[in-house]
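Note sheet for the following structure.
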Amino acid sequence: MAALKNSKISGLSILPIVFVLWVTAWPLLAPSSDAHHTPDHAVIHYFRADGDYGDHTTGDFNDFWGLHLWGDITETIEWPNPKPFLGEDEYGRLAWVYLAQNAANVGLIVHRGDVKDGTNADRFFDPGANPEIWLRSDDATIYTSQAEAQGFVTVHYHRDDGDYGNPASPDFNDFWGLHLWGDAIDPSELTNWPDPKRTDGFDSFGAFFTILLQDATQPVNFIVHRGDQKDPASGPDRSFNPLDNPSIWLQSEDNVIYPQRGAATKLAILHYHRPAGDYGDYTSNDFNDFWGLHTWGGADNPTWPMPLKPVAFDIFGPIFHVNLFAATERIGYIFHRGDAKDPGPDQFMVFDSHGHEVWQEEGAHPDRPYILPVLLEVVDECPNNPSKTEPGICGCDLPDTDADLDGSPHCVDCNDGDGSVHPEAEELCNAVDDNCDGFIDEGCECGPHMIPCDLDADCDVDIGDLMIILMNRNLPAAASPGSDVDGDGMITVLDARRCVLACTCARCFCGGPP
């Protein structure tokens with residue numbers, strides 16, 4: 001990425017820029033869900049009603065609650081040196097432990113000094129089946145979902161007008177509330193239409209409702225309403241599964257149930273942890289003095305010497321907020337201090353796979369960089385073929401992943417990074433071989449801007465079109481009609497990146513080798 005960020009446009013430098021654009025295009029997604037997977041770490045969540053987790057910085061195990069762990073793990077954890085809970089989320093604190101291959105049995109004790117919590121007995125869990133577990137103080141149960149552990153779900157509700165009414169009023173026409181029904185919720189939460197559930201409080205997002213559960217395996221059914229006015233006005237009855245979503249976020253006049261606040265507010269949230277705590281000096285404006293975040297793709301692209309700074313800190317470390325473009329599916333990013341990168345390669349946060357909030361540790365594996373969410377390691381069942389991990393449809397000799405989930409495996413899909421391109425697709429006039437038959441736009445005619453990225457209207461997307469974009473870089477869209485490919489109002493190198501993916505000739509040189 002450094003070559004791309006620092007390149008200048010000139011007749012001599014255009015070819016290196018095109019080459020960098022080619023090799024740094026969006027990567028393929030993870031292998032298909034039918035592959036054999038195993039986690040490389042487990043996450044243990046822990047909640048204390050008194051909020052007293054102690055102080056691990058003293059180094060004295062009598063001063064904090066920690067984890068003694070043994071079994072199928074790669075770490076050796078001694079009793080006087082328990083693993084502290086160094087992360088936090090909406091449930092409470094969390095710790096993580098790295099696993100042996102095919103781990104199936106991990107033992108645990110929560111303790112502070114020689115005082116154990118929950119039970120005096122050893123406890124065990126299978127991280128292959130449940131790589132994420134939840135514990136409560138004074139409770140021996142190992143829970144496999146947050147909703148079951150806490151016994152409730154939370155519904156967050158935002159209104160742009162800020163008018164939530166007066167929940168203290170006895171008249172349901174005076175406030176926005178929840179109508180609730182179904183077998184999931186505690187009987188005390190069942191409502192009659194004229195008496196909806198009132199808000200339990202307000203936070204920076206808006207109002208929130210805490211709903212007690214009796215069976216987290218059943219759906220929670222609800223309607224947001226004020227009197228007989230529903231929100232959305234013509235929306236259907238809605239429901240969600242507590243096992244999948246212990247909290248949801250709602251926007252007024254929007255039918256979508258968002259599983260994370262970032263999804264509801266078009267925000268990516270990245271938590272970053274360095275064990276030594278050496279994050280640098282965020283009061284400095286010199287990017288050599290602190291670890292910051294560089295982003296591109298579906299978010300603003302700050303200049304390399306001016307990375308994003310965190311908006312907050314917690315026990316895990318700095319928290320970075322990235323404002324997203326509308327309808328974006330992923331962003332590229334790099335944690336860096338000066339020109340030092342962590343872990344090194346460009347990284348991509350794909351929202352369908354990773355969600356809108358992630359926790360990342362220093363030196364993370366580039367392919368599985370997150371403590372949360374827990375990503376799965378692919379087990380190699382085709383050791384003689386470095387491009388395959390399982391035989392699948394195409395055998396061990398050919399790739400069989402369906403990264404874009406369009407139903408066509410890689411061995412028959414000519415672009416497994418685009419779900420609209422596959423052998424069964426309809427051919428469109430878009431400079432793409434949509435149906436993978438080896439021909440582009442057969443039956444189509446060319447004209448100015450009829451084919452995206454074909455700026456010179458020669459029926460090919462090639463170096464000539466990229467030069468038009470790059471020669472107008474950092475100018476408003478009006479300076480070169482059609483060059484603002486991503487529609488953000490400015491012509492940038494990101495537009496050229498998109499057109500590289502649409503090139504109709506090898507390496508974008510339709511006139512032969514450069």
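Model, not experiment: these values are computed from the prediction. Start at 1 with the first residue, then count along the sequence.
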Determine whether a donor-acceptor pair (N or O, by modelled atom type, separation under 3.5 Å) exists between the side chain of [X] and the backbone of [Y].
{"X": "Ser480", "Y": "Ser483", "value": "no"}
{"X": "His158", "Y": "Phe205", "value": "yes"}
{"X": "Asp462", "Y": "Cys510", "value": "no"}
{"X": "Arg238", "Y": "Asn255", "value": "yes"}
{"X": "Asp183", "Y": "Gln218", "value": "no"}
{"X": "Asp484", "Y": "Asp488", "value": "yes"}
{"X": "Asp465", "Y": "Leu455", "value": "yes"}
{"X": "Asn472", "Y": "Ile469", "value": "no"}
{"X": "Asn301", "Y": "Gly297", "value": "no"}
{"X": "Asp126", "Y": "Asn105", "value": "no"}

Give, for atom [atom1] of [X] and atom [atom2] of [Y], the distance between the pair rounded to the nearest 0.5 Å.
{"X": "Cys436", "Y": "Asn415", "atom1": "SG", "atom2": "CG", "answer": "7.5 Å"}
{"X": "Ser420", "Y": "Leu428", "atom1": "OG", "atom2": "CG", "answer": "7.5 Å"}
{"X": "Gln101", "Y": "Thr74", "atom1": "CD", "atom2": "OG1", "answer": "12.0 Å"}
{"X": "Gln251", "Y": "Tyr258", "atom1": "CD", "atom2": "OH", "answer": "6.5 Å"}
{"X": "Asn130", "Y": "Thr144", "atom1": "CG", "atom2": "OG1", "answer": "5.0 Å"}
{"X": "Glu357", "Y": "Gln260", "atom1": "CD", "atom2": "CD", "answer": "6.0 Å"}

Close side-chain approach of [X] to [Y], heavy-atom, < 4.5 Å:
{"X": "Ile334", "Y": "Leu293", "value": "no"}
{"X": "Ile44", "Y": "Glu132", "value": "no"}
{"X": "Val155", "Y": "Ile211", "value": "yes"}
{"X": "Leu250", "Y": "Val224", "value": "yes"}
{"X": "Phe325", "Y": "Asp300", "value": "yes"}
{"X": "Leu372", "Y": "Val358", "value": "no"}
{"X": "Cys505", "Y": "Val461", "value": "no"}
{"X": "His356", "Y": "Ile269", "value": "no"}

- Query: Got more than 12 heavy atoms from elsewhere within 6.0 Å of CD, Glu424?
  - Reply: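 Open.
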- Item | Glu329 atom CD: more than 12 heavy-atom contacts under 6.0 Å |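 No, not enclosed.
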Measure across [X] and [Y] and return the closest heavy-atom pair with its distance rounded to 0.1 Å.
{"X": "Tyr279", "Y": "Pro318", "value": "CE2-CD, 3.3 Å"}
{"X": "Cys499", "Y": "Val485", "value": "SG-CG2, 3.5 Å"}
{"X": "Pro127", "Y": "Ala104", "value": "CD-C, 3.8 Å"}
{"X": "Ala149", "Y": "Tyr91", "value": "CB-OH, 3.5 Å"}
{"X": "Ala425", "Y": "Asn435", "value": "O-CB, 3.2 Å"}
{"X": "Pro369", "Y": "Ala364", "value": "O-CB, 3.3 Å"}

- Task: Can you label the angle between the His273 ring and the Trp96 ring as parallel, tilted or perpendicular, going by 30° and 60°?
- Result: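 Ring orientation of His273 relative to Trp96: perpendicular.
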- Message: Ring-plane angle category for Trp249 and His156, please: parallel below 30°, perpendicular beyond 60°, tilted otherwise.
- Response: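 Taking His156 first and then Trp249, their aromatic rings lie parallel (interplane angle under 30°).
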Verify whether one side chain among [X] and [Y] offers a donor that lies under 3.5 Å from an acceptor in the other.
{"X": "Glu90", "Y": "Gln146", "result": "yes"}
{"X": "Asp460", "Y": "Thr504", "result": "yes"}
{"X": "Arg261", "Y": "Ser204", "result": "yes"}
{"X": "Tyr333", "Y": "Asp346", "result": "no"}
{"X": "His321", "Y": "Asn323", "result": "no"}

- Item | Cationic tip of Lys309 above Phe290 ring, under 6.0 Å, 45° of axis |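 Flagged: Lys309 positioned over aromatic ring of Phe290.
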- Query: Asp89 and His45: side chain to side chain donor-acceptor pair (under 3.5 Å), yes or no, with the steps?
  - Reply: CA-CA 9 Å; Asp89 60 8; His45 300 262; 3.2 Å; yes
- Task: Show the numbers, then the answer: is there a side-chain contact (heavy atoms from CB on, under 4.5 Å) between Ser239 and Val220?
- Result: CA-CA 5 Å; Ser239 64; Val220 174; over 6 Å; no
- Task: May I have the step-by-step check of side-chain contact (heavy atoms from CB on, under 4.5 Å) for Leu178 and Ile223, ending in yes or no?
- Result: CA-CA 6 Å; Leu178 284 181; Ile223 298 172; over 6 Å; no
- Query: Between Asp413 and Asp406, is a side-chain contact (heavy atoms from CB on, under 4.5 Å) present by the stated rule, with each step listed?
  - Reply: CA-CA 9 Å; Asp413 193 335; Asp406 61 7; 2.7 Å; yes
- Message: So that I can tick it off, tell me whether Arg274 and Asp342 are bridged by a salt bridge, with the cut-off set at under 4.0 angstrom between side-chain N and carboxylate O.
- Response: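 A salt bridge links Asp342 with Arg274.
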- Assert yes or no for the condition that the ring centre distance of Tyr370 to His354 is strictly below 6.0 Å.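 That pair passes the under 6.0 Å test.
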- Query: Would the Phe335 and Phe320 ring centres measure less than 6.0 Å apart?
  - Reply: yes
- Task: Apply the side chain to side chain contact (heavy atoms under 4.5 Å, CB included) test between Gln360 and each candidate in Met349, Gln347, His271; give the one that qualifies.
- Result: Gln347
- Evaluate the criterion salt bridge (charged side-chain N to carboxylate O under 4.0 Å, His left out) for residue pair Arg330 and Asp352; output intermediate values, then yes/no. CA-CA 8 Å; Arg330 51 188 165 182; Asp352 281 348; over 6 Å; no
- Message: Evaluate Trp304 against His294 for ring pair (Phe, Tyr, Trp, His ring centres under 6.0 Å), listing each step before the verdict.
- Response: CA-CA 7 Å; Trp304 184 249; His294 183 71; 5.2 Å; yes
- Task: Under the side-chain contact (heavy atoms from CB on, under 4.5 Å) rule, what do Asp433 and Glu427 come out as? Steps first, then yes or no, please.
- Result: CA-CA 7 Å; Asp433 180 11; Glu427 188 70 15; 3.8 Å; yes
